2 protein chains.
Amino acid sequence: MAKVRHTRFDCSPGCSVEAAIRLIDGKWKCVVLYHLLDEGTLRFNEIRRRIPSVTQRMLTNQLRELEDDGLVHRKVYAQVPPKVEYSMTELGRSLAPIISALKVWGDENIGRFGTPLAVDADQPRIRQST
Amino acid sequence: MAKVRHTRFDCSPGCSVEAAIRLIDGKWKCVVLYHLLDEGTLRFNEIRRRIPSVTQRMLTNQLRELEDDGLVHRKVYAQVPPKVEYSMTELGRSLAPIISALKVWGDENIGRFGTPLAVDADQPRIRQST
DNA sequence: ATCAACAGTATCCTTTTTGACACTATATGC
DNA sequence: GCATATAGTGTCAAAAAGGATACTGTTGAT
């Protein structure tokens with residue numbers, strides 16, 4: 001059987017890094033987390049406006065997963081023009097060092113590997129413009 | 001190539017987070033990075049043995065991407081039983097705080113989501129510690 | 001002569017993720 | 001009556017990721 005030789009992080013007994021990254025893996029999750037950590041409470045469309053290239057469906061998906069993982073709290077107001085507020089839970093806030101480390105690293109190194117999202121129009125990497 | 005200044009990021013400051021996470025996104029990348037950070041230099045099959053559930057193809061893929069991103073250095077010895085050594089580049093080592101933050105968080109919270117990777121068959125699917 | 005070890009490739013296939021688009025219902029403002 | 005804003009859903013299709021398996025060519029050991 002799998003004897004645990006590495007008692008620290010190995011993929012069998014407790015791949016804690018894997019576990020952690022699974023929560024923030026997803027095309028938009030970390031961006032959402034960043035904004036919620038940064039601004040506290042945001043409504044659905046406020047988040048959308050901060051992430052222009054996310055679709056409604058995707059944002060909903062990501063928020064639902066974050067909610068299911070207990071990282072984000074979703075507060076629905078029983079109003080007729082709907083109002084839903086998103087904020088970080090305590091558990092979610094405990095991710096702050098990770099998000100922060102990612103941001104620090106990204107800020108310092110972003111010039112190295114190019115644009116993650118479509119910033120320049122002349123590079124048809126993902127989308128083909130019509 | 002287009003050096004994108006941070007201010008050019010109209011998709012909000014969260015983009016650098018996004019950029020950073022893209023590098024370590026991938027099912028096995030962070031595990032590979034961990035082992036290379038931990039042990040310095042490893043040969044291909046040494047990495048394989050440390051990550052039993054990764055396939056050859058996947059490991060090759062992940063290593064190639066890490067190499068392309070400049071995080072990992074690949075040194076090929078012109079020998080006839082092939083010998084290839086992998087190690088972290090300086091840039092790769094600069095990721096250490098991120099990997100470390102992920103590990104710290106994961107270690108503290110892994111009981112929350114159960115086993116991230118069911119590697120061996122007789123592991124209980126749901127593991128709860130309290 | 002056969003086999004294992006090395007570091008991969010190549011091919012096929014399934015699953016997951018993501019995108020595009022249309023649609024819901026209600027209230028307010030014009 | 002019509003458009004707008006709200007916070008979504010639903011469906012279909014494409015793309016990407018990942019898994020299984022087989023194969024490469026050489027050397028040294030059995």
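Quick caveat, the model's predicted, so the values are computed rather than measured. Numbers restart at 1 for each chain; the letters A, B, ... are given by sequence-line order, proteins then strands.
Here the side chain of Arg64(A) is nearest to one of dA7(D), dT27(D), dG8(D), namely dG8(D). Checking dG8(D), dG25(D), dG18(D) against every side-chain atom of Lys27(B), the shortest atom distance belongs to dG18(D). Checking dG18(D), dT6(D), dC6(C) against the side-chain heavy atoms of Gln62(B) singles out dG18(D) as nearest. For Met58(B), taking side-chain heavy atoms from C-beta onward, the closest of the listed nucleotides dA27(C), dA7(D), dG18(D) is dG18(D). Listed candidates were dG8(C), dA22(C), dT27(D). Nearest to the side chain of Pro81(B) is dT27(D). Of the candidate nucleotides dC6(C), dG19(C), dA20(D), dA20(D) has the atom lying nearest to any side-chain atom of Thr55(B). Checking dG8(D), dG19(C), dA7(C) against the side-chain heavy atoms of Phe44(A) singles out dG8(D) as nearest. When the nucleotides dG8(D), dG18(D), dC6(C) are ranked by their closest atom to the side chain of Arg49(B), dC6(C) comes out on top. Among dG8(D), dC6(C), dG8(C), the nucleotide with an atom closest to any side-chain atom of Val84(A) is dG8(D). Distance from the side chain of Arg57(A) is smallest to dA20(C) among dA7(C), dT27(D), dA20(C).
When each of Val80(A) and Asp25(A) is assigned the nucleotide of DNA chain C with its nearest heavy atom, Asp25(A) is the one assigned upstream, toward the 5' end.
At the phosphate of dA7(D), OP1 or OP2 sits under 4.0 Å from a side-chain N or O atom of Arg43(A). Between dA5(C) and Lys83(B), no contact under 4.0 Å exists linking OP1 or OP2 to a side-chain N or O. Phosphate contact (OP1/OP2 of dA16(D), side-chain N/O of Arg22(B), threshold under 4.0 Å): absent.
Atom P of nucleotide dA7(C) and atom CG of Leu42(B) are separated by 11 Å, given to the nearest angstrom. Atom-to-atom, CG of Leu59(A) to C1' of dG8(D) comes out at 10 Å; the value is rounded to the nearest Å. Atom pair Arg48(B):CZ and dG19(D):P shows a separation of 13 Å (rounding to whole Å applied). Rounding to whole angstrom units, CD of residue Gln79(A) and P of dA27(C) are separated by 12 Å. Straight-line distance from the CG atom of Leu63(B) to the P atom of dG18(D): 14 Å, rounded to whole Å. The distance between atom CG of Asn61(B) and atom C1' of dG8(C), rounded to the nearest whole Å, is 11 Å. Distance CD1 (Ile47(B)) to C1' (dA7(C)): 11 Å, rounded to an integer number of Å. The distance between atom CD of Gln56(B) and atom P of dT24(D), rounded to the nearest whole Å, is 14 Å.
Within 4.0 Å of Arg74(B), counting heavy atoms only, lie sugar-phosphate atoms of the nucleic acid but no base atom. Tyr86(A) comes within contact range of the sugar-phosphate backbone alone, with a heavy-atom separation under 4.0 Å but no base atom that close.
Linking ILVMFWY side-chain heavy atoms closer than 4.5 Å, directly or via other members, places Val84(B) and Val80(B) in two distinct hydrophobic clusters. Note: the hydrophobic cluster containing Val104(B) does not contain Leu95(A) (ILVMFWY, side chain heavy atoms under 4.5 Å, direct or indirect links).
Applying the 6.0 Å contact sphere to NZ of Lys75(B) captures no more than 12 heavy atoms from other residues, nucleotides or ligands.
Shortest non-hydrogen contact noted between Leu37(A) and Ala96(A) is CD1-CA, 4.0 Å. Shortest non-hydrogen contact noted between Tyr86(A) and Leu36(A) is O-CD2, 3.4 Å.
Atom CE of Met88(A) and atom OG of Ser94(A) lie 8.0 Å apart (nearest 0.5 Å).
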